[in-house]
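Remarks on the structure that follows.
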There are 2 protein chains.
Amino acid sequence: MANVKLSKSEENYLKSIFNLSEFGNKQVSTNSISKVLNIEPASVTDMIKKLSKKNLIYHEKYKGSTISKSGIKIALQIIRRHRLWEVFLHDKLNFKWDEIHNIAEELEHVSSEELIDNLDKFLKYPKIDPHGDPIPNKLGEIDFVDKISISDLNINEKGIVSRIINEDEEFFSLLKKLNIEIGTEVKIIDKIEYDQSLEIHIDNKSVIISKDIADNIKITKI
Amino acid sequence: MANVKLSKSEENYLKSIFNLSEFGNKQVSTNSISKVLNIEPASVTDMIKKLSKKNLIYHEKYKGSTISKSGIKIALQIIRRHRLWEVFLHDKLNFKWDEIHNIAEELEHVSSEELIDNLDKFLKYPKIDPHGDPIPNKLGEIDFVDKISISDLNINEKGIVSRIINEDEEFFSLLKKLNIEIGTEVKIIDKIEYDQSLEIHIDNKSVIISKDIADNIKITKI
DNA sequence: ATCTAAATTTAGGCTTACCTAAAAAATTTA
DNA sequence: TAAATTTTTTAGGTAAGCCTAAATTTAGAT
Ligand SMILES: [Mn+2]
Ligand SMILES: [Mn+2]
Ligand SMILES: [Mn+2]
Ligand SMILES: [Mn+2]
């Protein structure tokens with residue numbers, strides 16, 4: 001049972017499974033893992049077997065996978081590393097908030113507990129990363145700031161962007177094009193029945209964004 | 001010819017070959033690589049073939065390997081990354097000088113040129129790492145500070161420890177036991193004919209160290 | 001309830017980076 | 001210089017982590 005070091009691949013799978021499971025509450029399909037990791041389903045099945053044998057997830061054939069207690073614990077540590085490195089890259093090395101994710105994706109696998117604890121201290125124990133995501137502490141405790149997203153606002157309501165969920169390159173460049181970042185004020189102008197698109201104001205300019213985009217942008221109502 | 005990203009293994013081999021070659025001047029034996037990397041000679045032969053095909057080294061069967069111009073260039077970049085991370089770990093995260101090497105051994109493989117350049121700037125372009133080793137600049141230029149070692153001193157001469165060559169755990173703990181670190185003053189008391197051991201004073205206490213140990217500790221004469 | 005389509009798993013393969021054992025070449029010793 | 005030793009390479013294998021193609025199971029549509 002002694003925590004044997006996980007490979008980079010195992011860590012990436014575990015983190016993705018945790019993220020897809022919504023804090024360990026949902027069963028995760030093989031296909032969904034395949035999609036987020038860009039790895040063929042057959043390969044995902046292989047890794048699921050490996051992680052199951054290590055009791056980091058439970059798997060019922062043809063049904064899906066559930067992350068275990070110890071799996072969650074490890075996933076939270078990987079997320080902690082990722083987000084602390086993102087803070088470092090953003091606050092200390094002056095990277096833009098949309099340039100840090102990929103580098104942190106590598107740095108998160110350098111697993112020295114002392115390294116992360118010292119980094120945490122150096123950064124003065126930050127609570128959120130540059131995308132507004134909460135950072136688990138050493139014990140894996142995490143502030144549950146499940147904010148509402150743009151699509152939860154009603155017409156004429158306003159919010160301040162506080163968190164970006166999707167961290168893909170394309171999503172970042174879309175946000176850039178829309179002039180949306182953490183702190184941006186948005187106002188709902190109209191909700192389009194047809195496909196639930198939203199017309200919103202950013203810097204007093206009107207744009208229409210899809211429901212999917214709106215769901216990926218969390219805000220604080222003002 | 002376009003620089004395809006090297007694997008962690010390839011990078012470690014290349015760095016070791018460069019280090020063994022004394023700045024590209026010496027031919028490197030398969031066995032010596034095997035020893036520093038703790039990998040069997042047969043496996044080293046495999047990798048030598050791989051690196052040869054990429055023109056990073058030249059290899060003459062049964063004779064040895066020579067690092068190429070482009071091999072040197074890459075090796076210097078890896079060394080740059082390693083030493084910059086060591087400075088960061090030591091100066092910013094408050095690690096001791098004997099705790100940083102292994103972590104840097106991992107961090108050096110996170111290869112984003114922007115990351116390293118920003119780190120360099122953040123650290124204010126340091127010239128040497130915490131072991132006294134010079135840090136190559138962005139262009140791979142490196143201050144050639146080939147200092148003399150303890151074994152080059154004569155009886156009654158004194159020096160200040162300026163650089164530790166061997167970065168193995170065991171060597172570090174030996175130095176710790178001997179109370180030797182960067183900045184320590186040493187004085188030669190006696191040179192023992194038999195095996196060229198040296199009797200030296202550290203903090204006015206006398207110890208005897210082997211020629212090999214003395215060779216691995218560079219000093220500035222005072 | 002059956003037929004179809006989608007999701008999942010199995011089977012068989014590939015590459016990387018290692019290994020051991022044995023063969024071949026080079027070096028040292030006598 | 002021949003024999004012994006050391007170094008290096010070749011041959012054959014393994015585990016991790018991926019792939020494609022084919023089989024199986026489940027879920028959705030009629
Ligand atoms: Mn990652
Ligand atoms: Mn983030
Ligand atoms: Mn390394
Ligand atoms: Mn160093």
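Predicted model only: the values in this text are computed from it and were never measured. First the proteins, then the strands, lettered A, B, ... as listed; each starts at 1.
- Considering only residues two or more places apart in sequence or on other chains, B/H90 meets the side chain to side chain donor-acceptor pair (under 3.5 Å) condition with none of them.
- For the segment residues 41-48 of chain B, the set of residues with a heavy atom within less than 4.0 Å of an atom of DNA chain D comprises B/P41, B/A42, B/T45, in numerical order.
- Checked against salt bridge (Lys or Arg N to Asp or Glu O under 4.0 Å), B/E105 has the following partners two or more places apart in sequence or in another chain: B/K15.
- Considering only residues two or more places apart in sequence or on other chains, B/S32 meets the side chain to side chain donor-acceptor pair (under 3.5 Å) condition with B/S29.
- For B/S149, the side chain to side chain contact (heavy atoms under 4.5 Å, CB included) partners at least two apart in sequence or on another chain are B/S151, B/D152, B/D215, B/K218.
- A/I72 pairs by the side chain to side chain contact (heavy atoms under 4.5 Å, CB included) definition with A/F18, A/I67, A/L76, not counting sequence neighbours.
- Among residues two or more places apart in sequence or in another chain, the side chain to side chain donor-acceptor pair (under 3.5 Å) test is passed with A/H59 by none.
- In this structure, B/E181 has no side chain to side chain donor-acceptor pair (under 3.5 Å) partners at least two apart in sequence or on a different chain.
- Residues passing the salt bridge (Lys or Arg N to Asp or Glu O under 4.0 Å) test with B/K73, sequence neighbours excluded: none.
- Considering only residues two or more places apart in sequence or on other chains, B/N154 meets the side chain to side chain contact (heavy atoms under 4.5 Å, CB included) condition with B/E157, B/K191.
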Enumerate the protein-to-nucleotides 2-7 of chain C contacts in which both atoms are nitrogen or oxygen and the separation is below 3.5 Å.
{"unit_1": "C/dA7", "atom_1": "O5'", "unit_2": "A/N31", "atom_2": "ND2", "d": "3.3"}

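- DNA chain C is contacted by B/S7, B/S9, B/Y13 of residues 7-14 of chain B, taking any non-hydrogen atom closer than 4.0 Å.
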